[in-house]
Amino acid sequence: MEIQTMLNMLLKGALVSLEIFVVTLVGSLILGLLLCFVRMSRFAVLRILAKIYISVMRGTPLMLQLFVVYFGPYYIFRVPNTSSYKIIAIFIGFVLNYAAYFAEIYRSGIEGIPIGQYEAAEMLGYNRVKTFFYIILPQVIKRIIPPVTNETITLIKDTSLAFTLSVAEMFTIAKQIAASDRTVMAFILAGIIYYIFNLIVAGAFAKLEKRLSYYR
């Protein structure tokens with residue numbers, strides 16, 4: 001197979017990888033923030049449940065979680081699995097997993113804000129909601145950019161785990177090409193594409209971090 005043909009096939013798979021990446025990043029950032037609120041709740045039961053969820057998601061392999069999300073409905077509720085459900089299961093599994101990591105990143109950022117910020121906001125007449133969204137959250141975003149960048153780069157590489165459910169993302173296609181043509185070139189090309197993708201994402205976050213560092 002010609003390199004150009006390989007590249008075209010891999011780029012089609014890269015679009016699926018990109019779709020997984022975007023859905024996971026957006027979904028897990030939102031769910032992670034909600035999970036963070038539950039984790040820091042004043043209600044002990046909610047805090048404990050959130051801690052257990054985060055512990056399980058971070059303490060078990062993502063690949064195993066994908067299998068549970070995909071095969072669980074069948075074995076538990078006898079709902080037949082369809083081919084179209086594979087990509088949905090990938091979305092669900094990835095979002096649930098990465099939300100746990102982002103929740104802890106949010107929590108560390110929030111708890112790192114000095115208590116004086118809350119007291120000053122209270123003196124200015126801000127309620128809890130306004131204090132968080134107008135004063136605390138902007139500072140938290142600045143603080144968590146580096147760890148979020150690391151998790152995002154990891155996410156790019158983890159999209160290759162979609163091959164476990166036979167979703168035709170880039171790594172799956174690279175494996176198929178390598179098996180049929182008995183060549184390692186497909187893996188090399190896929191590695192280059194992953195690396196370029198990582199450079200773009202890392203560069204975007206670096207610009208964002210620099211833009212938010214307005215006191216430097």
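For clarity, every value in this text was computed on a predicted model and none was experimentally measured.
- With hydrogens and angles disregarded, a donor-acceptor distance shorter than 3.5 Å links the side chain of Asn8 to the backbone of Gln4.
- Residues Lys86 and Ser166 come closest through the heavy atom pair NZ-CB, 3.9 Å.
- At distances below 3.5 Å, at least one donor-acceptor pair connects side-chain atoms of Ser17 with backbone N or O atoms of Met170.
- Atoms CG and CD1, on Asn198 and Ile193 in that order, are 12.5 Å from each other to the nearest 0.5 Å.
- The NZ atom of Lys12 sits 11.0 Å away from the CG atom of Leu10 when rounded to the nearest 0.5 Å.
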### Query
Would Glu209 and Lys142 satisfy salt bridge (Lys or Arg N to Asp or Glu O under 4.0 Å), going step by step from the backbone distance to the final call?
CA-CA 7 Å; Glu209 184 177 7; Lys142 287 176 60 178; over 6 Å; no
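- In this structure, Val201 is a member of the same hydrophobic cluster as Val23, with clusters built from ILVMFWY side-chain heavy atoms closer than 4.5 Å.
- For Arg182, the CZ atom counts as loosely surrounded, since its 6.0 Å shell holds 12 or fewer non-hydrogen atoms of other residues, nucleotides or ligands.
- For the atom pair Ile54 CD1 and Met57 CE, the distance stands at 10.5 Å (nearest 0.5 Å).
- Contact of the Tyr70 side chain with the Leu66 side chain is not registered, since no non-hydrogen atoms from C-beta on lie closer than 4.5 Å.
- The environment of CD in Glu111 is crowded: more than 12 heavy-atom neighbours from other residues, nucleotides or ligands sit within 6.0 Å.
- When atom types are taken as modelled, the side chain of Glu169 and the backbone of Phe171 share a donor-acceptor pair closer than 3.5 angstrom.
- Side-chain atoms of Glu151 do not come within 3.5 Å of backbone N or O of Pro147 as any donor-acceptor pair.
- Looking at every heavy atom in both residues, Ala186 comes nearest to Ala174 through CB-O, 3.7 Å.
- Pairing each heavy atom of Pro114 with each of Arg143, the nearest pair is CD-NH2, 4.1 Å.
- With values rounded to the nearest 0.5 angstrom, Lys51 atom NZ is found 8.0 Å from Arg47 atom CZ.
- Within the structure, ring pair (Phe, Tyr, Trp, His ring centres under 6.0 Å) pairs that include any residue of residues 179-206 comprise Phe21-Phe197 (at least two apart or interchain).
- Aromatic ring orientation, Phe94 versus Tyr98: parallel (interplanar angle below 30°, classes split at 30° and 60°).
- Distance check: Asn97 CG to Thr24 OG1 gives 9.0 Å after rounding to the nearest 0.5 Å.
- Without hydrogens or angle criteria, Asp181 side chain to Thr183 main chain gives no donor-acceptor distance under 3.5 Å.
- Linking ILVMFWY residues whenever their side-chain heavy atoms come closer than 4.5 Å, directly or via other members, places Phe67 and Ile87 in the same cluster.
- The closest donor-acceptor contact from the side chain of Tyr106 to the backbone of Leu29 lies under 3.5 Å.
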### Stepwise side chain to side chain contact (heavy atoms under 4.5 Å, CB included) test for Ile145 and Leu208
CA-CA 8 Å; Ile145 289 296; Leu208 177 61; 3.6 Å; yes
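- In this structure, Leu11 places its CG atom where more than 12 heavy-atom neighbours from other residues, nucleotides or ligands lie under 6.0 Å away.
- Both Leu161 and Phe71 are part of a single hydrophobic cluster, where members link through side-chain heavy atoms under 4.5 Å apart.
- By the 6.0 Å contact criterion, OH on Tyr85 is enclosed, its count of non-hydrogen atoms from other residues, nucleotides or ligands being greater than 12.
- Annotation for Val69 and Pro73: closest pair O-CD, 3.1 Å, computed over non-hydrogen atoms.
- Separation of atoms CD1 (Ile156) and CG (Leu25) is listed at 9.0 Å; rounding is to 0.5 Å.
- For the residue pair Ile20 and Phe91, the shortest heavy atom distance occurs at CA-CE2, 3.8 Å.
- Residues Ile52 and Leu96 fall within the same hydrophobic cluster, defined by Ile, Leu, Val, Met, Phe, Trp and Tyr side chains chained together at heavy-atom separations under 4.5 Å.
- Connection of Val26 to Leu15 is not established within any shared hydrophobic cluster, with ILVMFWY side chains joined at heavy-atom distances below 4.5 Å, either directly or through further cluster members.
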### Query
Going through the distances and angles, do Thr60 and Gln65 end up as a side chain to side chain donor-acceptor pair (under 3.5 Å)?
CA-CA 7 Å; Thr60 56; Gln65 295 167 20; 2.8 Å; yes
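- With a 6.0 Å radius and a threshold of 12 heavy atoms from other residues, nucleotides or ligands, Gln117 has its CD atom above the threshold.
- Side chains of Ile135 and Tyr118 form no contact here, defined as non-hydrogen atoms less than 4.5 Å apart.
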N/O donor-acceptor pairs under 3.5 Å from side chains in residues 34-43, not counting sequence neighbours:
unit_1: Ser41; atom_1: OG; unit_2: Phe43; atom_2: N; d: 3.0

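- In this structure, Thr152 and Val148 approach most closely via the heavy-atom pair OG1-O, 2.7 Å.
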